[in-house]
Number of protein chains: 2
Amino acid sequence: MSTDQAPGPDPAQLLAYIERFASTLSDSGIPRMPARVFAALLTADDGRLTSQQLAGMLDISPAAVSGAIRYLSQVGLVTREREPGSRRDRYRVLDEVWQEAILQRDAILVRWETSLAEGVAVVGAESPAGRRLAESVVMFQFLRGELPGLLKRWYEQRAELRAAATRDDAVGRALAAHPEPHPEAEAEAHPEAEH
Amino acid sequence: MSTDQAPGPDPAQLLAYIERFASTLSDSGIPRMPARVFAALLTADDGRLTSQQLAGMLDISPAAVSGAIRYLSQVGLVTREREPGSRRDRYRVLDEVWQEAILQRDAILVRWETSLAEGVAVVGAESPAGRRLAESVVMFQFLRGELPGLLKRWYEQRAELRAAATRDDAVGRALAAHPEPHPEAEAEAHPEAEH
DNA sequence: TCCAACTTTCAGAATTTTGTGAATGTTATG
DNA sequence: CATAACATTCACAAAATTCTGAAAGTTGGA
C-alpha cells in the first residue's frame, strides 16, 4: 500500500537536498541559480530535465532557467539537447563531462598562472616579490602537468568500478553502458499536450 | 637620474596589476576586497603589510581591511603577526601556506564529497541517480587520496628549485632560507611616530 | 590608572547582483 | 506562410553584498 512502483524519493526531501547541495556549490563560487539547476539535474534519474520541469520544481521563471543554463553550458557543466522534431530543450549533465570539469578546472589554473606570471613582470623578476611569484607560477605549471596523469588514473579506476557494477547486477549494466544512455525511451508522466 | 636605488616597481602599475589579479581571484569565488588585499600582500616584497599600508595603497577604510583579513585568515591564506611591544598588526602571506591551500582545498573537497554522499541517501542508492551520485562520491575520494602524493611531489620539485636558486645567486639564498625570513630587520620608509 | 595607538564591530548608505514579467526571437507543424 | 510552443533578451524591481564612518574594544606605555 506504500510503494506504488516507488516513483522516486520524497519530493520535498529531494528539493531540500537540492537546496543544500546548491549552497555547497555556491560557496565554491558558482552563482546561486546555476547551482540550483545543476543540483536538480544531478539528482534527476537520467540527468536530464526540460526547462519546464526545472522551472516547476525550483519554482523559478523560464528566464531564470535560461540564464542558469547559459552559465552552466558556458562552464561546460551542462549540455543542451533537443529531440529532433520538438521545440522543447532538454538539459543534461554528462557525468563524464562534469567530473572532468572538476578535475581539470584548466581554465582557472591557466588564468591564475598567467596572472601570476604577469605579476612577475610588473614587480621585477629579481625582486624578492618577483621570486616569490615566480615560484607560484612554477607551482601552477607543475599542477597542470600533473592533471593528465590524474585524469588517466581516475578513468582507470572508474572503468574498474563500472566493470564491477556490470558484473554484480543488472541495473549496473545500464550505468556501465553510459556513453549514450537511453537516447529515446520517453516514459515520463506529463501530458505533453503538443497541440 | 632615474634609478634611485630602485625602490620597487611603478606604484601605479603595481596597483593596476593588483586589481587585475584580484579580478582573477574574484572569479574563483574569493570576495572582492579579500582578493585585493591578498593580491597586495602577494606582491609585497616580504609578503607583509600593515593594516595602514593596505588601507593606504588600496584606498579603503580600516574596517574594510579588518573584514578582508578576517576572511583571509579564516580561509588560511593569511597570517596575523604582531611584533611584541607594538599594537600594530602586520598581515602576511606565507608561500608555503597559500600554495598548500591551493593544492589541497581539502575543506571544499570534503564538503562536496559529503554533500554528494548525502544525495545518494536521499535519492536512494539503487536508483540511477543514486548510482551516478555514488560514482562522483568515489571520484572525490579518489581525488583526496591523490592529494598527499601530489603535495609531496610538489615539495620535492620546489626543494630542487630553491636549491638551484641558492646555487645560482646570492639573493636566491635568502629565498631558500625561507622558513622564517628576516624576523626583524625593519627598514621601512615611514616615520613610525610612536608617540 | 589614564592615554594614545590600533583594531574591530555595527548600523546604515550605496552599489551590485539576481530574478521577474513582458516583449521578442526561433522553429516545427498544419 | 500562419500559428503555436518554446526559448531568450531586456528593462526594471527586489534583494543581497559590500564598504564606510562612528563608536567601542584592546593593548602597550607613562
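Below, chains carry the letters A, B, ... as their sequence lines are ordered, and counting in each starts from 1.
- Ile30(B) has its CD1 atom 17 Å from the P atom of dT17(D), to the nearest Å.
- In terms of position along DNA chain C, the nucleotide closest to Pro34(A) lies nearer the 5' end than the nucleotide closest to the other residue of the pair Pro34(A) and Pro84(A).
- Rounding to the nearest 0.5 Å places CZ of Arg158(B) at 9.0 Å from CG of Leu151(B).
- Rounded to an integer number of Å, the gap from Leu54(B) CG to dC6(C) P is 15 Å.
- Between Tyr91(A) and Val65(A), the closest side-chain pair of non-hydrogen atoms falls below 4.5 Å.
- Looking only at distances, a side-chain donor or acceptor of Asp45(B) sits under 3.5 Å from a matching main-chain atom of Ala129(A).
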For nucleotides 20-27 of chain C, read 5' to 3', which letter fits each nucleotide if B means a protein heavy atom sits under 4.0 Å from the base, S means only the sugar-phosphate is that close, and - means neither?
-> BB-----B
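- The nearest whole Å value for the distance from the CZ atom in Arg70(A) to the C1' atom in dC6(D) is 16 Å.
- What separates CD of Glu81(A) from C1' of dA7(D) is a distance of 16 Å, to the nearest Å.
- The CG-P distance, from Asp89(B) to dG28(D), rounds to 11 Å in whole Å.
- Between dT7(C) and Ser51(B), a contact under 4.0 Å exists linking OP1 or OP2 to a side-chain N or O.
- With sequence neighbours excluded, no residue forms a ring pair (Phe, Tyr, Trp, His ring centres under 6.0 Å) with Tyr155(A).
- In this structure, CD of Gln53(A) is placed 11 Å from P of dA7(D), rounded to the nearest angstrom.
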Watson-Crick and G-U pairing of DNA chain D written in dot-bracket, each distance under 3.5 angstrom, with | for inter-strand partners = ||||||||||||||||||||||||||||||
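- Gln74(A) CD: 12 or fewer foreign heavy atoms inside a 6.0 Å radius.
- A salt bridge does not link Arg131(B) with Glu135(B): none of the charged nitrogens is closer than 4.0 Å to a carboxylate oxygen.
- Spacing between atom CZ of Arg36(B) and atom C1' of dT20(D) amounts to 14 Å, rounded to whole angstrom units.
- Using modelled atom types, no side-chain atom of Arg36(A) and backbone atom of Glu19(A) make a donor-acceptor pair closer than 3.5 Å.
- Side chain to side chain, Gln99(B) and Trp154(B) meet the donor-acceptor criterion of an N or O pair below 3.5 Å.
- The closest side-chain heavy-atom distance from Leu58(A) to Ile18(A) is below 4.5 Å.
- Dashed line: the shortest gap from a side-chain N or O of Arg80(B) to OP1 or OP2 of dT8(C) is under 4.0 Å.
- Distance OH (Tyr91(B)) to C1' (dT8(C)): 9 Å, rounded to an integer number of Å.
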